[in-house]
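So the structure is just underneath, and the comments pick up after that.
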Amino acid sequence: MLNLEHVSGGYDGESVIQDISFSVSQGEFFGILGPNGSGKTTLLKMISGLISCTSGSVQVDNRSIDHFSRKALAKKMAVLPQLTAHAFSYTVRETVALGRYAHHQGLFQRWTPEDERVLYTVMEQTNITVFQHQAVQELSGGEQQRVFLAQALAQQPGLLLLDEPTNHLDLAYQKDLLDLLKKGAEQEGLTVVSIFHDLNLASLYCDRLLLLDKGRERAIHTPDGVLSERLIKEVYKTNVTKYPHPTVAKPQMHLLPDKAECSAEAVMIGPSMLTIKQEHITLTSPIPLRTLSSGVCGAGIGWNSAFVNRHVPKNYDCSDPEGEMHDYLEKNGFNMGMTVGMMTAVQLSDAAYSLWEREHVSLFTVVTAGVGNATDGTQSVGASYPLTQGTINIWLFVNGHLTEEAFIQAVMTATEAKAQALRELDIRDKRTNTIATGTSTDSILVAATQQGETLSYAGTATVLGQLIGESVYTETKKAIERSQAG
């Protein structure tokens, strides 16, 4: 659809774009990225023919744009520039209708039924029919952007060029506009080339990205290939970290603000922060902790400062544990955005906990454990177990900075230690009479202060891993023995 071959050019003899080559296929959503001054808008103007190339060529459908008349080129491509003030007060309908100009011929141009059909279709697509008789100047910025998108779509182009189309739009308008463009690319074969200021939006919607740096191509690839921490740090001169989107297989870049020295007081998580009551155990941290949890609430990876292990009766109705737990925590004054919540049917007075320290590594471990529904995970195929809440809940609070690897290894090490405690206590699966590996509803939390020394790993070859193994093994055995004695 679009092909650039060794394109260079700029303004007043100064070369802004230097030796850019790429192709965009029909139906592809192609994004152009780069810091301010990298040449993004200049390149888009060269693609549209507004600025001539000093060398190289821009081709649409295998034909140089220099060989098209302006009207013929308008049938092939449409341009949606950045939203700016407009001097003429046309109605929405009149503004959109201007997009049909390229399809009219002769001196006496008539409005045809086909024009009317296209006009109605694009106004419906962009959801602007309701204010088609209002003046464009009366509309909000987001509404105006949809009007000018409708005007561009009214040209019925095969190629749509956009210069930061979501600039100054709120979240809902950004999503609606980009969803519409993505749908046009996927379902109607519309080819979209767009400049993006927001790296994460570009990642979510684009099939491929071009990263410009001082007028030159720095990278051209899928979002995962372009949005690397190293590359973005070098080109944008800022500190970022890369994480996968939680529900879409696309990368997301996060800015890392500079931290002032001693911006947070050093915190040691320990027994003094733990409160044990008949209805729940709580630990409240003065700072948010980085957490990995399988709790009923606050599951996954996040930042939390409140941790709740709640006692429920053995006949607890589990039809909606998350919703019921959410209500319980709110009723008791916990901030749901910063709380991990777990449940257990054992008596909380039987909890076992201690602060463990070795070689400058510190860990606070809390375990509640009962084994009434103990299971052998290796023999559970086809088995049916009662859904009893939180039989063995393990909390690990690390006073240190954990890497992503260390969080995952901590869970592995703790699970192995828990299983060893069950073996030594000869806890068996009642169905198979084999040694249990856990219970059917075990839960775990690993939380770290993210202060002080970085602890890169938590396997049993490390001091941290050994401390996790020993503490979980010891506290689990104590908690089970207390529960059985009661």
Side-chain angles (χ1 to χ4, degrees), residues 20 22 29-44 82 162-171 174-175 177-178 182 193-264 287-292 300-304 337-338 400-408 446-457:
I20 298 294
F22 64 86
F29 200 134
F30 187 86
I32 301 174
L33 305 176
N36 292 338
S38 61
K40 301 186 298 296
T41 298
T42 302
L43 178 60
L44 202 71
Q82 292 189 37
L162 306 104
D163 190 352
E164 296 190 24
T166 59
N167 201 19
H168 306 305
L169 303 187
D170 64 29
L171 287 176
Q174 289 181 30
K175 180 182 179 300
L177 186 146
L178 292 173
K182 190 67 173 178
V193 176
S194 178
I195 292 172
F196 280 92
H197 186 72
D198 189 315
L199 304 184
N200 291 330
L201 281 178
S203 174
L204 286 175
Y205 285 93
C206 294
D207 301 305
R208 286 189 303 146
L209 299 172
L210 165 66
L211 178 61
L212 291 177
D213 185 14
K214 299 177 182 177
R216 294 185 178 274
E217 174 195 321
R218 189 62 187 273
I220 181 167
H221 210 282
T222 62
D224 254 313
V226 172
L227 298 181
S228 72
E229 290 183 10
R230 177 191 61 78
L231 199 53
I232 297 304
K233 286 178 182 179
E234 288 180 4
V235 173
Y236 284 86
K237 311 300 182 188
T238 192
N239 201 15
V240 296
T241 188
K242 176 179 176 178
Y243 281 100
H245 192 281
T247 58
V248 181
K250 293 292 186 76
Q252 298 285 274
M253 306 303 296
H254 298 269
L255 287 172
L256 296 177
D258 291 335
K259 292 184 178 180
E261 291 187 13
C262 303
S263 59
I287 63 170
L289 307 181
R290 185 68 166 157
T291 60
L292 173 61
I301 296 175
W303 290 89
N304 295 279
M338 298 291 289
H401 191 289
L402 295 189
T403 63
E404 300 293 303
E405 298 95 325
F407 271 102
I408 296 171
V446 180
T449 60
Q450 300 303 79
Q451 295 179 338
E453 181 182 352
T454 296
L455 303 168
S456 300
Y457 304 103

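Atoms considered below: every heavy atom in the structure, side chains included; atoms not considered: hydrogens, waters and symmetry mates. Starting from 1, each residue takes its place in the sequence as its number.
Leu402 contributes atom CG, which lies 10.5 Å from atom CZ of Arg290 (distance to the nearest 0.5 angstrom). With rounding to the nearest 0.5 Å, the separation of OG1 in Thr222 from CG in Leu209 is 8.0 Å. To the nearest 0.5 Å, atom CG of residue Leu292 and atom CG of residue Asn304 are 11.0 Å apart. Residue Phe196 holds its CZ atom at 5.0 Å from CG of Leu178, rounded to the nearest 0.5 Å. One distance of note links OG of Ser38 with CZ of Arg218; it measures 12.0 Å at 0.5 Å rounding. Rounded to the nearest 0.5 Å, atoms OG1 (Thr238) and CG (Leu256) are 8.0 Å apart.
The shortest distance between side-chain heavy atoms of Ile287 and Gln451 falls below 4.5 Å. With contacts defined as side-chain heavy-atom distances shorter than 4.5 Å, the pair Glu405/Leu455 does not qualify. The shortest side-chain heavy-atom distance between Leu43 and Leu210 falls under the 4.5 Å cut-off. Side-chain atoms of Ser194 and Phe29, non-hydrogen and from C-beta on, do get closer than 4.5 Å to each other. In this structure, the side chains of Tyr243 and Glu404 come closer than 4.5 Å at one or more pairs of heavy atoms. Contact check for Leu212 versus Ile20: side-chain heavy atoms found under the 4.5 Å cut-off. Considering only heavy atoms from C-beta on, Gln252 comes within 4.5 Å of Leu204 through its side chain. Counting heavy atoms from C-beta on, the side chains of Leu255 and Tyr236 never come closer than 4.5 Å.
For Glu217 (side chain) and Leu211 (main-chain N/O), no donor-acceptor pair under 3.5 Å exists by modelled atom type. Looking at Thr291, its side chain does come within 3.5 Å of a backbone N or O of Gly302 through a donor-acceptor pair. The backbone N or O of Pro35 sits less than 3.5 Å from a side-chain atom of Lys40, completing a donor-acceptor pair. In this structure, the side chain of Thr449 engages the main chain of Gly400 through a donor-acceptor pair within 3.5 Å.
Summarising the local packing, NZ of Lys175 is surrounded by 12 or fewer heavy atoms from other residues, nucleotides or ligands at distances under 6.0 Å. Heavy atoms from other residues, nucleotides or ligands lying under 6.0 Å from CZ of Phe22 number more than 12.
Contact detail for Pro165 and Ile195: the closest heavy-atom pair is CD-O, 3.5 Å. Counting all heavy atoms, side chain and backbone alike, Leu199 lies closest to Ile232 at CD1-CG2, 3.9 Å. The two residues Gly452 and His401 make their nearest non-hydrogen contact at O-CB, 4.1 Å. Of all heavy-atom pairs between Leu201 and Asp198, the closest is N-OD1, 3.0 Å. Here the closest heavy-atom approach between residue Ser456 and residue Thr403 is recorded as O-OG1, 2.6 Å. Between Val240 and Met253, the shortest heavy-atom distance links the atoms CG2-CE, 3.6 Å.
For the pair Asp224 and Lys242, the salt-bridge criterion is met [side-chain N within less than 4.0 Å of a carboxylate O].
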Side chain to side chain contact (heavy atoms under 4.5 Å, CB included) between Asn239 and Lys233, worked out: CA-CA 6 Å; Asn239 201 15; Lys233 286 178 182 179; 3.2 Å; yes
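Here Lys250 pairs with nothing under the side chain to side chain donor-acceptor pair (under 3.5 Å) rule; sequence neighbours left out. Shown here are the salt bridge (Lys or Arg N to Asp or Glu O under 4.0 Å) partners of Lys214, two or more places apart in sequence or in another chain: there are none.
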